[in-house]
Amino acid sequence: ISSLNYYGFADPLYLITALIPRPGMEFAFVSLAFLRAYLSGIFFYRYIRWFGVRRGNALLGAASYALCGFAMFSLSVHQIFLNVMMYLPLILLGFEHLLKGRRPVLMPVATALLAFSGYYMLYMTSIFVVVYATFRFFREYPHRKGRAALFFRLFITAAGFYTLGVALAGTTLLPSVWGYLHKATSQMFEGNLLIYSARKYATELSKLLFLNNENPRAVAIWAFAAAVLMVTRRRTRRRYAAGAAAIFALLCLVIPFFG
């Protein structure tokens with residue numbers, strides 16, 4: 001389980017292939033890749049509609065999300081990475097339900113589905129969810145009395161539901177984590193959790209600046225930089241928030257702890 005789950009052995013969508021005859025396996029594999037991209041757009045659409053975004057704008061945003069550079073690269077190379085794009089909107093929507101006092105059933109269910117996909121994607125998503133939840137709380141309750149007590153109560157509740165989702169996938173998640181910690185490749189890391197080696201930074205910088213057929217990140221980084229410049233031209237509170245998010249995203253690229 002530890003080795004197979006690295007490639008999504010317990011992924012619910014992959015399990016569908018158990019019903020497919022062997023001659024149709026290639027077609028099923030390709031179809032699943034497109035299904036993941038489609039579901040990513042659908043789930044993201046439901047997430048942004050929660051905030052009252054108009055239907056046309058939500059459709060455009062969902063299409064951009066489902067057809068972004070990362071999605072297209074994963075679609076053709078490692079479709080299992082599309083699971084992050086699939087389940088992340090559902091996890092965030094589950095937290096929004098909790099923030100508004102509704103039952104956050106969606107959070108543990110989506111977390112469990114993502115955890116079945118592998119420990120690495122769960123680890124990366126967990127970091128993002130913590131940052132997102134903190135930002136959303138202080139955005140939702142900027143001046144509320146007793147905010148500190150409410151924050152810790154909400155944090156404990158959200159952590160409980162999130163942990164429940166992780167526990168639901170424990171039968172495959174725990175063996176895969178144990179296998180990773182006890183294999184030789186887990187030691188093949190250049191640097192520590194705070195800083196990469198100089199060679200690693202030089203290699204990754206070249207990947208960001210120069211495009212080739214195996215590297216979609218060069219397009220992504222320049223598109224991201226252009227978007228930041230567009231939204232930060234005018235000095236407003238919202239623009240400063242966008243700039244802060246951009247700086248945080250860049251820090252995530254250069255600090256190993258964030259993956």
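Both backbone and side-chain heavy atoms feed into the values below; hydrogens, waters and symmetry mates do not. All values reported here derive from a predicted model rather than from experimental measurement.
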Criterion side chain to side chain contact (heavy atoms under 4.5 Å, CB included) on M86 and I42, from CA distance to verdict: CA-CA 9 Å; M86 282 174 49; I42 293 295; over 6 Å; no
Applying the side-chain contact (heavy atoms from CB on, under 4.5 Å) criterion to T125, which one of L92, L114, N83 satisfies it? L114
Between the CG atom in L39 and the CZ atom in F43, the distance rounded to the nearest 0.5 Å is 4.5 Å
Are the side chains of F137 and L150 in contact, using a 4.5 Å heavy-atom criterion? yes
Measure the OH-OG distance between Y14 and S117 for me, rounded to the nearest 0.5 Å. 9.5 Å
Minimal heavy-atom distance between M85 and C68, with the atoms involved, is CE-SG, 3.8 Å
If you apply the rule side chain to side chain contact (heavy atoms under 4.5 Å, CB included), what do you find for T111 with L164, and how did you get there? CA-CA 8 Å; T111 302; L164 174 61; over 6 Å; no
A62 and G41 have their tightest heavy-atom pair at CB-O, 3.3 Å
Specify the closest pair of heavy atoms between M107 and A158, including all atoms of both residues, with the distance to one decimal. SD-O, 3.8 Å
Using a 4.5 Å cut-off between side-chain heavy atoms of Ile, Leu, Val, Met, Phe, Trp and Tyr, which other residues end up in the same hydrophobic cluster as Y45? L59
Correct closest heavy-atom pair for V53 and A58 would be CG1-N, 3.7 Å
Look at the aromatic rings of F155 and F151 and report parallel, tilted or perpendicular, splitting at 30° and 60°. parallel
Using the test salt bridge (charged side-chain N to carboxylate O under 4.0 Å, His left out), find all partners of R36 that sit at least two apart in sequence or belong to another chain. D11
Tell me whether S74 contacts the main-chain N or O of A71 through its side chain, where contact means a donor paired with an acceptor under 3.5 Å. no
The criterion is side-chain hydrogen bond (donor to acceptor under 3.5 Å, both in side chains); which residues satisfy it with Y65, sequence neighbours excluded? none
Does CZ belonging to R46 count more than 12 external heavy atoms closer than 6.0 Å? no
Atom CZ of F27: over 12 foreign heavy atoms under 6.0 Å: no
Are L19 and F116 connected into the same hydrophobic cluster when the rule is that any two of I, L, V, M, F, W, Y join if their side-chain heavy atoms are below 4.5 Å apart? no
Could you tell me if the ring centre of F95 sits under 6.0 Å from that of F161? no
Run the side-chain hydrogen bond (donor to acceptor under 3.5 Å, both in side chains) test against S126 and tell me which residues pass, sequence neighbours left out. Y162
According to a 4.5 Å side-chain heavy-atom criterion applied to Ile, Leu, Val, Met, Phe, Trp and Tyr, with indirect links allowed, do L67 and L75 form part of one hydrophobic cluster? yes
Sequence neighbours excluded, which residues qualify as salt bridge (charged side-chain N to carboxylate O under 4.0 Å, His left out) partners of R147? none
Scan for side-chain hydrogen bond (donor to acceptor under 3.5 Å, both in side chains) pairs involving residues 90-102, sequence neighbours excluded, and state none if there are none. E96-Y132, E96-R136, K100-E140
Any non-hydrogen side-chain atom of L99 less than 4.5 Å from a side-chain atom of Y141? yes
Is there a path of hydrophobic side-chain contacts, each under 4.5 Å between heavy atoms of I/L/V/M/F/W/Y residues, joining F128 to M124? yes
Let me confirm one number: the CZ-CG distance from R55 to L60, rounded to the nearest 0.5 Å. 15.0 Å
Does atom OH of Y38 have more than 12 heavy-atom neighbours, drawn from other residues, nucleotides or ligands, at distances under 6.0 Å? no
Using the rule that two of Ile, Leu, Val, Met, Phe, Trp, Tyr join whenever any of their side-chain heavy atoms come within less than 4.5 Å, decide whether I20 and F29 are in one cluster. no
Please give me the minimum heavy-atom distance between L82 and S40, naming the atom from each residue. O-OG, 3.8 Å
Here the pair of heavy atoms bringing A112 nearest to L168 is CB-CB, 3.8 Å
If I take atom CD1 from residue I48 and atom CG from residue L93, how far apart are they, to the nearest 0.5 angstrom? 11.5 Å
With hydrophobic residues grouped by side-chain heavy-atom distances under 4.5 Å, do V130 and L106 end up in a single group? no
